[in-house]
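Some notes on the structure that comes next.
Note that the structure is predicted; figures quoted are calculated from it, not measured. Within every chain, numbering begins at 1; the chains are lettered A, B, ... in the order of the sequence lines, protein sequences first and strands thereafter.
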2 protein chains.
Amino acid sequence: MAQHEAREGRLRPARRLTLSEDVYESIKTLVMDHILPPGERVNIDALARELDVSPTPVREALARLEADGLVRKRPLSGYTTTPLLSRAEFDDLFDVRLLLEGATAGRAAAHASTEERQRITAEAAASIDVEAGDGYRRHAAFTALDATFHDLIAEVAGSPLLRDSVTRLHSHLHLHRLYFPVTGAPATNTEHQRIAAAIAAGDSEAAAEAMRAHLTAARERHLPAFDQLPDPGTPRDPV
Amino acid sequence: MAQHEAREGRLRPARRLTLSEDVYESIKTLVMDHILPPGERVNIDALARELDVSPTPVREALARLEADGLVRKRPLSGYTTTPLLSRAEFDDLFDVRLLLEGATAGRAAAHASTEERQRITAEAAASIDVEAGDGYRRHAAFTALDATFHDLIAEVAGSPLLRDSVTRLHSHLHLHRLYFPVTGAPATNTEHQRIAAAIAAGDSEAAAEAMRAHLTAARERHLPAFDQLPDPGTPRDPV
DNA sequence: CAAAGCAACATCCTATAGGAAATAGGTTCC
DNA sequence: GGAACCTATTTCCTATAGGATGTTGCTTTG
């Protein structure tokens with residue numbers, strides 16, 4: 001049963017601890033980067049062959065991804081990648097982000113340690129040198145940096161439950177953003193630095209307010225995307 | 001391969017659509033009702049034999065439950081039910097509930113339809129006749145009714161993302177409450193009715209305030225539980 | 001020409017078997 | 001008497017095979 005020597009030369013990164021974990025990360029990346037396009041059927045067997053594993057760990061990873069909201073499962077019809085965000089879902093996402101991330105910023109300003117405040121300030125400053133690169137790469141780097149900044153604040157807020165909720169929200173955001181390159185990188189950086197300054201100063205109310213202003217502005221920057229492409233609506237259960 | 005006639009007489013309820021779904025609900029109930037005690041190892045094969053299915057759907061259900069936070073998975077050591085809430089985790093839970101459910105109550109007051117307002121009012125009123133029953137049964141019924149009320153408000157708030165977050169939080173709460181019967185049923189009912197009245201009247205601010213007052217009071221009612229039993233602390237990764 | 005029915009196909013879902021790792025217990029050595 | 005090492009067992013993890021179901025395309029009929 002020569003199943004080990006075939007493991008070389010696969011397109012997955014070096015294995016973590018369990019195969020299921022690797023497969024989970026691999027598929028998550030495939031969905032996040034839209035290599036598996038939104039709203040498309042996911043063939044378990046084909047995916048297993050592609051990753052050079054048996055269908056069982058693929059099935060297990062898909063079950064976790066469904067709980068994350070990145071794929072959907074129709075009972076006897078297989079898995080499907082979650083379709084693109086509709087306008088209503090996008091608005092809902094930012095409404096909830098406003099609520100949750102306003103709170104994380106305020107709490108971060110109150111609870112963060114000295115070392116954590118420095119990390120946040122550094123992260124906001126590091127956002128500048130993403131000007132390098134071109135097109136897709138540059139946009140992907142910017143998106144990753146933005147996510148890192150927001151996740152860092154959620155991490156520092158000192159509430160595991162709040163952090164989980166925010167992280168879950170962010171993975172939903174990726175279902176929209178990668179398709180629509182935005183041009184507001186400089187504005188985003190200054191807004192980030194304003195948030196970082198308020199947190200460093202320990203001013204909870206100012207931090208929350210700066211975060212809410214940032215999210216409101218970011219929401220406005222993303223809006224034109226819905227005019228460029230036909231709105232996908234919510235064609236998610238065509239029965 | 002006589003695998004169908006063995007399906008009769010199992011302790012699972014009638015099958016929904018897929019076996020994995022049934023198994024998921026079954027295990028979820030086992031964890032919620034503490035038939036699988038918190039912090040205990042979960043043997044996949046034993047569970048599969050108990051439910052009279054193969055390990056594969058059990059494994060899939062466990063993966064979903066891990067995403068829900070009801071079980072944990074240590075890479076090469078199997079699954080474990082999530083341990084009891086520590087004092088710090090309990091405080092965190094109610095902090096986040098205060099934030100999220102205050103928002104759901106306010107939004108429910110603004111967005112609910114006439115029919116939905118009636119359902120909420122009816123649900124709050126129905127909370128009275130749980131005085132019947134004894135001990136465990138009575139407490140379980142009260143807990144279920146409380147969860148239904150809060151979930152209903154989250155449902156009506158008109159934000160799918162917010163509803164998911166709240167629902168997720170509630171499943172965490174079950175990890176604490178069932179072990180410590182509380183005596184505040186009458187107070188809970190009046191508080192629920194006050195919330196329902198504010199929502200029915202369409203007063204967002206009053207509804208949010210009533211919800212926050214309710215949660216603050218409920219938190220106080222639960223607190224003595226930590227004095228009755230030795231605090232479990234956070235013995236979750238004994239290596 | 002359109003719609004309904006049928007059949008073939010592809011895919012998912014479940015069951016079983018075997019290899020690998022971690023845990024637990026006993027033994028031995030210090 | 002205690003700690004470290006080794007061995008045996010248990011358990012998890014992965015792979016493969018077969019049955020049931022949904023889906024798709026074609027044919028036939030009105």
Rounded off to whole Å, could you give me the CG-to-C1' distance for the B/Asp45 and D/dT10 pair?
10 Å
Please pick, from D/dA15, D/dC12, C/dT16, the nucleotide with the shortest atom-to-atom distance to any side-chain atom of A/Val53.
D/dA15
Give the rounded distance in Å between these two atoms: CG of B/Leu19 and P of C/dA15.
6 Å
OP1, OP2 of C/dA15 versus side-chain N and O of B/Ser54: anything below 4.0 Å?
yes
Calculate the interatomic distance between A/Arg41 atom CZ and C/dA10 atom P; express it in whole Å.
13 Å
Spacing of A/Asp52 atom CG relative to D/dT14 atom P, expressed in whole Å
13 Å
Do the side chains of B/Arg64 and B/Glu21 get close enough for a salt bridge, i.e. N-O under 4.0 angstrom?
yes
Looking at A/Ser20, I'd like to know whether one of its side-chain N or O atoms comes within less than 4.0 Å of OP1 or OP2 on D/dT14.
yes
C/dC13 phosphate, OP1 or OP2, under 4.0 Å from B/Thr56 side-chain N/O
no
Minimum side-chain heavy-atom gap B/Val42-B/Ile27 below 4.5 Å
no
Gap between atoms CD and C1', on B/Glu21 and C/dC13 respectively (whole Å)
14 Å
Looking only at side-chain N and O atoms, does A/Arg59 come under 4.0 Å of OP1 or OP2 in C/dC12?
no
Mark yes or no: A/Arg87 above the aromatic ring of A/Phe90, with NZ or CZ under 6.0 Å from the six-membered ring centre and no more than 45 degrees from the axis.
no
How long is the line joining CZ of B/Arg49 and C1' of D/dT11, in whole Å?
11 Å
Give a yes/no answer on whether the side chain of A/Asn43 brings an N or O atom under 4.0 Å of OP1 or OP2 in C/dA10.
no
Nearest-nucleotide comparison on DNA chain D, the residue closer to the 5′ end among A/Pro55 and B/Val42
B/Val42
Distance, rounded to the nearest Å, where A/Glu40 contributes CD and C/dT11 contributes P:
13 Å
Which nucleotide sits closest to the side chain of B/Arg74: C/dT11, C/dT23, C/dT16?
C/dT23
Would you say the side chain of B/Asp92 lies within less than 4.5 Å of the side chain of A/Leu162, judging by non-hydrogen atoms?
no
